[in-house]
Amino acid sequence: CTGFPVPSFSTPEIFTAIFTPQKSPPCSHCNLREHCVPLGLSLRDIDRLEELISARRRIRRGEPLFRAGDRFEAIYAIRLGFLKSSVMSSDGREQVTNFHMSGEMIGMDGIANEVHSCDVIALEDTEVCVIPYERILAACSEIEDYNLHFQKLLSREIVRQHGLMLLLGSMHAEERLAAFLLNLSQRFESRGYSRSEFVLRMTRAEIGSYLGLKLETVSRVLSRFSHDQLIAVNQKHVQIIDTEGLRAIVSGQSTVTESI
């Protein structure tokens, strides 16, 4: 699959050190900077923002970046990798609340109460930039464009939650899964990857938890999409064949699907 190249961590020693000092490329040369740094900043302001990063942290697949109840100290910018956030119900069931990929900022759930409210676990070997929250507040007071940028990050999370509520509250199983695939496609494309071919880093059970569907339902809908030649699935590799067909399902215009 050419859609989402897997980062190559060829030697086991690469994850021996949890924290590493900030090294090149700096923010000004990072190909994901437009997701973290506001456009139009002066070189002086960009240099100031690069000083925000205290370290880079590497997390092996299956390990936590942080857990619910951990003290909130920093925001994390994902340089590479894929993570999930989840909360635990009182009876011990996991509820996946989001999936995160390179270029995104995570950890803002801890701002309100100064502790994190969810677990964030790496779904593949991942590297993040660690940005202490105190440094972010200082930059927001000094750089007006960054202050606006950070407010937009918080606002986008509210918008995302509204979209998730709409998805869970009013969409059938096929509509939920079609919307999920289209959202992934758009996010991959915005990062320079293929929008039509990518690898699902999460399990089908995790997709079901996020979308409020049973594992069996996720498998049946994916099989139906494949049968209808909307997608091609080979284990975790997905190829979107008919984007407009998926959009028609999300909008309720498709006549070939039936709710499960």
Side-chain angles (χ1 to χ4, degrees), residues 1-10 25 30-36 59-62 77-85 96-106 120-128 156 160 163-164 167 171-211 213 215-251 253-254 256-257 260:
C1 175
T2 60
F4 190 18
V6 181
S8 177
F9 299 125
S10 57
C30 178
N31 60 0
L32 296 170
R33 66 184 179 276
E34 64 187 68
H35 297 279
C36 305
I59 312 101
R60 288 191 180 96
R61 177 184 176 187
I78 306 171
R79 289 197 67 240
L80 51 86
F82 213 102
L83 306 98
K84 69 174 179 179
S85 58
V96 176
T97 58
N98 203 359
F99 297 107
H100 314 277
M101 64 174 66
S102 57
E104 296 179 355
M105 307 276 279
I106 56 176
V120 172
I121 309 296
L123 295 178
E124 64 177 354
D125 293 341
T126 296
E127 181 176 316
V128 300
R156 286 184 195 129
R160 187 195 70 82
L164 182 59
L167 184 148
M171 290 186 177
H172 296 303
E174 296 91 341
E175 295 168 337
R176 296 182 193 184
L177 200 52
F180 176 73
L181 293 174
L182 289 172
N183 176 262
L184 281 180
S185 171
Q186 184 274 325
R187 290 162 71 186
F188 281 127
E189 183 181 27
S190 71
R191 286 154 178 80
Y193 301 122
S194 170
R195 66 178 180 181
S196 60
E197 293 187 48
F198 46 84
V199 177
L200 298 175
R201 301 302 179 187
M202 67 292 291
T203 66
R204 293 187 181 187
E206 289 166 337
I207 294 174
S209 176
Y210 178 66
L211 297 178
L213 301 172
L215 170 61
E216 296 81 4
T217 302
V218 173
S219 296
R220 283 201 301 268
V221 174
L222 287 175
S223 295
R224 179 173 300 172
F225 286 175
S226 180
H227 178 269
D228 292 344
Q229 297 186 342
L230 298 171
I231 64 173
V233 182
N234 181 11
Q235 296 181 341
K236 289 192 172 186
H237 292 72
V238 173
Q239 178 184 7
I240 295 180
I241 300 172
D242 186 355
T243 300
E244 292 306 316
L246 291 177
R247 288 175 178 162
I249 292 174
V250 174
S251 65
Q253 298 175 0
S254 175
V256 298
T257 60
I260 297 178

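Nothing here was measured: the structure is a model prediction, and the numbers come from that model. Just so you know, residue 1 is the first one in the sequence shown, and it goes up from there.
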Exercise for the section: Could you label the plane-to-plane angle of the Tyr193 and Phe188 rings as parallel, tilted or perpendicular, counting under 30° as parallel and over 60° as perpendicular? Expected result: perpendicular
Problem - Heavy-atom side-chain contact between Leu184 and Leu200 under 4.5 Å - result: yes
Fill in the blank from the handout: One should read off an interatomic distance between Ser226 OG and Ile241 CD1, to the nearest 0.5 angstrom, of 7.0 Å
Exercise for the section: Using the side chain to side chain contact (heavy atoms under 4.5 Å, CB included) rule, take Arg201 and Leu83 through it: C-alpha gap first, then chi angles, then the decisive distance, then the call. Expected result: CA-CA 9 Å; Arg201 301 302 179 187; Leu83 306 98; over 6 Å; no
Handout entry: Gap separating the CZ atom of Phe99 from the CG atom of Asn183, nearest 0.5 angstrom
Key = 11.0 Å
Exercise for the section: Take Met202 and Lys84 through the test side chain to side chain contact (heavy atoms under 4.5 Å, CB included) and record every step on the way to the result. Expected result: CA-CA 8 Å; Met202 67 292 291; Lys84 69 174 179 179; over 6 Å; no
Problem - Arg176 side-chain N/O to Leu211 backbone N/O, donor-acceptor pair under 3.5 Å - result: yes
Practice task
Answer yes or no: does atom CD of Gln229 have more than 12 heavy-atom neighbours from other residues, nucleotides or ligands under 6.0 Å?
Solution key: no
Exercise for the section: State whether the side chain of Asp125 and the backbone N or O of Arg61 hold a donor-acceptor pair below 3.5 Å, judged by distance alone. Expected result: yes
Practice task
Flag the pair Phe225 / Leu246 as yes when at least one side-chain heavy-atom distance between them is below 4.5 Å, and no otherwise.
Solution key: yes
Exercise for the section: Starting at CG of Leu181, measure out to CG of Leu230 and round the result to the nearest 0.5 Å. Expected result: 10.0 Å
Exercise for the section: Say whether, by atom type as modelled, one donor and one acceptor occur between the side chain of Ser185 and the main chain of Ser196 under 3.5 angstrom. Expected result: no
Practice task
Nearest 0.5 Å please: distance from the CD atom of Gln235 over to the CZ atom of Arg204.
Solution key: 9.5 Å
Exercise for the section: Mind checking the CE-CD1 spacing from Met105 to Ile78? Nearest 0.5 Å is all I need. Expected result: 10.0 Å
Practice task
Could you tell me which non-hydrogen atom of Glu175 sits nearest to which non-hydrogen atom of Met171, and how far apart they are?
Solution key: OE1-CA, 3.2 Å
Problem - Check: Arg160 and Asn98 side chains under 4.5 Å, non-hydrogen atoms - result: yes
Problem - Sub-4.5 Å side-chain heavy-atom contact between Val250 and Arg247 - result: no
Exercise for the section: Supply the atom-to-atom distance Arg79 CZ to Thr126 OG1, rounded to the nearest 0.5 angstrom. Expected result: 12.0 Å
Exercise for the section: Locate the shortest heavy-atom distance separating Ala205 from Leu215; write the atom from each residue and the value. Expected result: N-CD1, 3.6 Å
Practice task
Please check if the side chain of Thr97 supplies one atom and the backbone of Ser85 the other of a donor-acceptor pair under 3.5 Å.
Solution key: yes
Exercise for the section: Say whether, by atom type as modelled, one donor and one acceptor occur between the side chain of Ser223 and the main chain of Ser219 under 3.5 angstrom. Expected result: yes
Completion exercise
When every non-hydrogen atom of Val218 is compared with those of Gly208, the smallest separation belongs to CG2-CA, 3.6 Å
Practice task
Check whether any side-chain heavy atom of Leu123 lies under 4.5 Å from a side-chain heavy atom of Glu206, and answer yes or no.
Solution key: yes
Problem - Presence of salt bridge, Glu104 and Arg191, under 4.0 angstrom - result: yes
Handout entry: Minimum side-chain heavy-atom gap Leu177-Ile249 below 4.5 Å
Key = no
